[in-house]
Every structure is written in structure tokens, then in C-alpha cells.
Amino acid sequence: MQNAGLKQLELNWRYLAFDVHPDRLLQVLEGMRSMHFVGLNLTVPHKLLALEWVDELDESARRWGAVNTIRFDGQLHDGSWMPVGKAKETGNFQAIRSVGYNTDAEAILTSIREDLALDLKHSCCVLLGAGGAGRVAALKLPEGGVRKLFLVNRTRSKCETIARELQVTHPDLQVEIGYPQSGEKVDLILNATSLGLKASDSMPWDRESLNWDQVSHAYDMIYQPAETPFLKAARLAGCRTANGLGMLLHQGAAALEIWTGQTPPLKTMREALHTHIYPTGSSVESMESAG
Ligand SMILES: NC(=O)c1ccc[n+]([C@@H]2O[C@H](COP(=O)([O-])OP(=O)(O)OC[C@H]3O[C@@H](n4cnc5c(N)ncnc54)[C@H](OP(=O)(O)O)[C@@H]3O)[C@@H](O)[C@H]2O)c1
């Protein structure tokens with residue numbers, strides 16, 4: 001996705017994946033700074049560790065308490081800072097600073113809007129999962145206009161913590177822990193658990209507590225497999241469905257914009273993602289027809 005985007009922007013850069021042990025993260029980041037890397041993405045468990053390492057935190061990273069994107073800026077002779085990626089010569093920097101961002105949260109709302117064509121204003125949502133991604137979704141959904149939010153998680157205490165946070169950040173939001181009453185209309189059910197990644201996983205929802213007839217839209221943050229048992233059940237019940245590929249796309253596209261200062265070529269990046277994640281194409285078609 002990123003390399004396809006870079007090519008389209010005619011940048012002679014490369015996006016590479018490195019498997020880094022958390023104990024070595026700080027050394028690796030210092031190495032990247034020294035080698036004049038333009039920037040990087042981080043995934044679990046590095047997102048929290050990087051909070052302590054970066055020189056500056058963008059508002060997005062401060063707000064969500066996690067860094068998934070870092071940009072390196074070089075200091076020029078006049079004291080001003082310029083993204084390393086924009087500099088023609090990188091040898092003349094007085095110093096290099098790292099700035100931490102978070103592009104995950106916005107990507108959730110963008111993908112729900114785009115892939116489900118759902119306006120969340122005054123909506124009622126059920127959120128399954130309260131891990132890292134679930135917490136960010138819970139705190140972001142009210143910004144999309146969600147009026148009532150049901151939080152469900154195996155470890156109930158995590159829902160309680162998030163509910164307390166929400167009371168402070170969004171006092172008007174109605175938050176409940178557990179499932180809605182039967183008959184209550186649910187505009188969106190969102191799976192933010194990791195259940196569905198493996199074929200042997202149990203279902204992320206409780207069959208006794210949720211009647212699919214109540215639900216109109218379902219979103220699964222998982223994108224591989226393209227259709228989890230959760231999405232399949234939703235589709236068969238007549239819901240509009242989408243998987244997490246759009247979320248992956250938009251967090252990556254936002255990162256590319258941060259590094260380059262240019263509008264990311266979304267179409268090219270989306271196609272590259274589809275080609276690499278669903279090489280046979282059949283899964284994508286089934287998702288598109290479902291969505
Ligand atoms: N599309 C994207 O771009 C994107 C981005 C981020 C994450 N994701 C996906 O979102 C999912 C969650 O990621 P995360 O970072 O939030 O992971 P996480 O912090 O490890 O949270 C995992 C969540 O799954 C629940 N869970 C795990 N095993 C379970 C089980 N056996 N029974 C019931 N619940 C179980 C956990 O419940 P407990 O709290 O009780 O442990 C927790 O709510 C993953 O599938 C990940 O791939 C997708």
C-alpha cells in the first residue's frame with residue numbers, strides 16, 4: 001500500500017517492514033534517526049513505548065495515548081524545522097527531532113462512513129471489545145455523532161474504565177455496559193475483539209443476548225479473513241457489512257500525508273492493499289457485494 005502510494009507520488013522512497021523486539025525499540029528508533037529515515041509506522045506493542053521516546057507529541061497521539069506514526073524533522077541553520085522527507089540534502093541538519101502522531105482513530109470513522117455509507121449521527125452502537133483498538137473506537141464514535149453506546153467485553157473492568165473516561169469526555173453520551181434490550185434498534189455493531197482472526201475462534205458476540213434482527217450495520221476491524229463468521233452472520237441476517245481493510249487503508253494514507261505533505265493516492269493504495277491481502281480477488285468481490 002505505502003510503496004504503491006510512493007510510486008504514484010513519484011518519490012524514490014521505500015517502505016520496509018522490520019520485526020523489532022520491544023526491548024530493542026529505542027535503539028532501532030535512534031538508528032532510524034541517525035540514518036535520516038523519513039518516518040515510520042509502529043504497531044502493537046510499540047505504540048505505547050514510543051510515547052516516551054518521541055521528542056514531540058502531536059495532539060492526535062496525546063489524545064489517544066498511543067503513537068502509530070513518527071515523522072522525523074531536521075533543523076535548518078535558521079533554527080526552523082523541516083520534515084526530513086522534504087529536504088533535498090539531509091547532511092546539513094543541525095539536529096533531528098521525532099514527532100509522534102496517531103492516525104488510527106480518525107481512520108475508524110472514515111471507514112465506517114465510506115464502507116458502510118453510515119451516518120452515525122444520533123445512532124445506537126454496540127462495541128464488542130475493549131482492548132487498544134476497542135478503547136480508541138469507543139472514544140471516537142461519539143465524535144461521529146453516536147448517541148448511545150453499549151460496551152461489551154470479556155473483561156468487564158475494561159468497559160468500566162472506558163465508560164468512566166466517556167463520562168468525562170462526552171457527558172451527553174448514553175453509555176451502558178452489556179447488550180441492548182431485545183427490540184432496541186441497533187444502527188451499528190462493531191467487532192473490535194481479535195475473535196475471528198483464527199478459524200478456531202469462538203464468536204465475539206453472545207447468541208443469547210443479541211438478535212440480529214435488531215441490527216442494520218456490522219463492521220469488523222479484522223480484514224483477514226475478509227469475511228469473519230461475525231460478518232457472515234450479519235450479512236445473512238440482512239445487515240450491511242464491512243471489514244477493517246478501509247481502516248487499515250485510511251490510517252496508512254494519513255501517515256503518508258504526514259510524511260510527504262501530499263494528498264495520498266487513495267485509489268492506488270486501496271488497489272495495492274486488495275491485491276496483496278486478497279490475492280485471488282474472490283474474497284474482495286464477496287465483501288464488495290456484501291457491502
Ligand atoms: N483494521 C485495522 O486497521 C485494525 C487496527 C487495529 C486493530 N485491528 C484488529 O482489531 C482487533 C483488536 O485489536 P487490539 O489492538 O485492540 O487488540 P487487544 O488490545 O489485544 O484487544 C483484544 C480484544 O479482544 C478480546 N479477546 C481476545 N481474545 C478473546 C477471547 N478468547 N474471548 C473473548 N474476548 C477476547 C479482548 O478481551 P479482553 O479485554 O477480555 O482480553 C480485547 O477486547 C484485532 O483483531 C486487530 O487485528 C484492526
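The chain is numbered in sequence order, starting from 1. Whatever order the structure lists them in is the order used to number ligands and atoms, beginning at 1.
Contacts between Leu195 and ligand 1, counted as non-hydrogen atom pairs separated by less than 4.0 Å, involve the side chain only. Of the heavy atoms in Thr193, both backbone and side-chain atoms come closer than 4.0 Å to ligand 1. With a 4.0 Å heavy-atom cut-off, ligand 1 is reached by no atom of Ser202.
Here the closest heavy-atom approach between residue Gln2 and residue Gly252 is recorded as NE2-O, 3.0 Å.
Looking at Asn211 and Ser182, their side chains never bring a donor and an acceptor atom within 3.5 Å of each other. No donor-acceptor contact under 3.5 angstrom links the side chains of Asp115 and Tyr219, judged on distance only. Neither side chain, Asn191 nor Thr228, offers a donor N or O lying under 3.5 Å from an acceptor on the other. In this structure, a donor-acceptor pair under 3.5 Å is absent between the side chains of His250 and Glu106.
Atom 17 (O) of ligand 1 lies below 4.0 Å from none of the non-hydrogen atoms of the protein.
With salt bridges taken as basic N to acidic carboxylate O contacts below 4.0 Å, none links Lys158 and Glu165.
For atom 40 (O) of ligand 1, the nearest protein heavy atom (residue, atom name, distance) is Thr155 OG1, 2.5 Å. Ranking protein heavy atoms by distance to atom 12 (C) of ligand 1, first place goes to Ala192 O, 3.2 Å. Of all protein heavy atoms, the one lying nearest to atom 41 (O) of ligand 1 is Arg154 NH2, 2.8 Å. Looking only at heavy atoms of the protein, atom 27 (C) of ligand 1 is closest to Ser194 OG, 3.3 Å. Looking at atom 4 (C) of ligand 1, its nearest protein heavy atom turns out to be Met247 CE, 3.7 Å.
The N/O atoms of Met221, backbone and side chain alike, include one that comes under 3.5 Å of an N/O atom in ligand 1. Checked by distance only, ligand 1 and Ala133 come closer than 3.5 Å through their nitrogen or oxygen atoms. By the 3.5 Å distance cut-off applied to N or O atoms, Gln251 is not counted among the residues near ligand 1.
The nearest non-hydrogen atom to atom 21 (O) of ligand 1, considering only Gly252, Gly131, Ser111, comes from Gly131. The option from Gly244, Ala130, Gly132 that lies nearest to atom 19 (O) of ligand 1, judged by heavy atoms, is Gly132. Across Leu197, Leu190, Thr43, Asn153, heavy-atom proximity to atom 47 (O) of ligand 1 is greatest for Leu197.
Screening Leu120, Val175, Leu188 for a side chain to side chain contact (heavy atoms under 4.5 Å, CB included) involving Val146 leaves a single residue, Leu120.
Of all atoms in ligand 1, numbered sequentially from 1 with element shown, those under 4.0 Å from a heavy atom of Tyr223 are 1 (N). The ligand atoms of ligand 1 that sit less than 4.0 angstrom from a heavy atom of Ile222 are 45 (O). Residue contact check: Lys158 has heavy atoms under 4.0 Å from atoms 38 (P), 39 (O), 41 (O) of ligand 1. Close contacts between ligand 1 and Gly129 involve ligand atoms 43 (O) [criterion: under 4.0 Å to a heavy atom]. Those atoms of ligand 1 that come under 4.0 Å of a heavy atom in Leu248, given as number and element, are 3 (O).
Contacts of Thr161 classified as side-chain contact (heavy atoms from CB on, under 4.5 Å), with partners at least two apart in sequence or in another chain: Arg164.
Classification of the Trp212-Trp205 ring pair by plane angle, with boundaries at 30° and 60°, yields perpendicular.
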Show me, pair by pair, the donor-acceptor contacts under 3.5 angstrom made by side chains of residues 24-32, not counting sequence neighbours?
unit_1, atom_1, unit_2, atom_2, d
Arg24, NH1, Gln27, OE1, 3.3
Glu30, OE1, Arg33, NE, 3.1
Glu30, OE2, Arg33, NH2, 3.2
Glu30, OE2, Trp53, NE1, 2.9

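The CG atom of Asp220 lies 4.5 Å from the CD1 atom of Ile222; values are rounded to the nearest 0.5 Å.
In this structure the side chain of Leu210 reaches within 4.5 angstrom of the side chain of Ile189, judged on heavy atoms.
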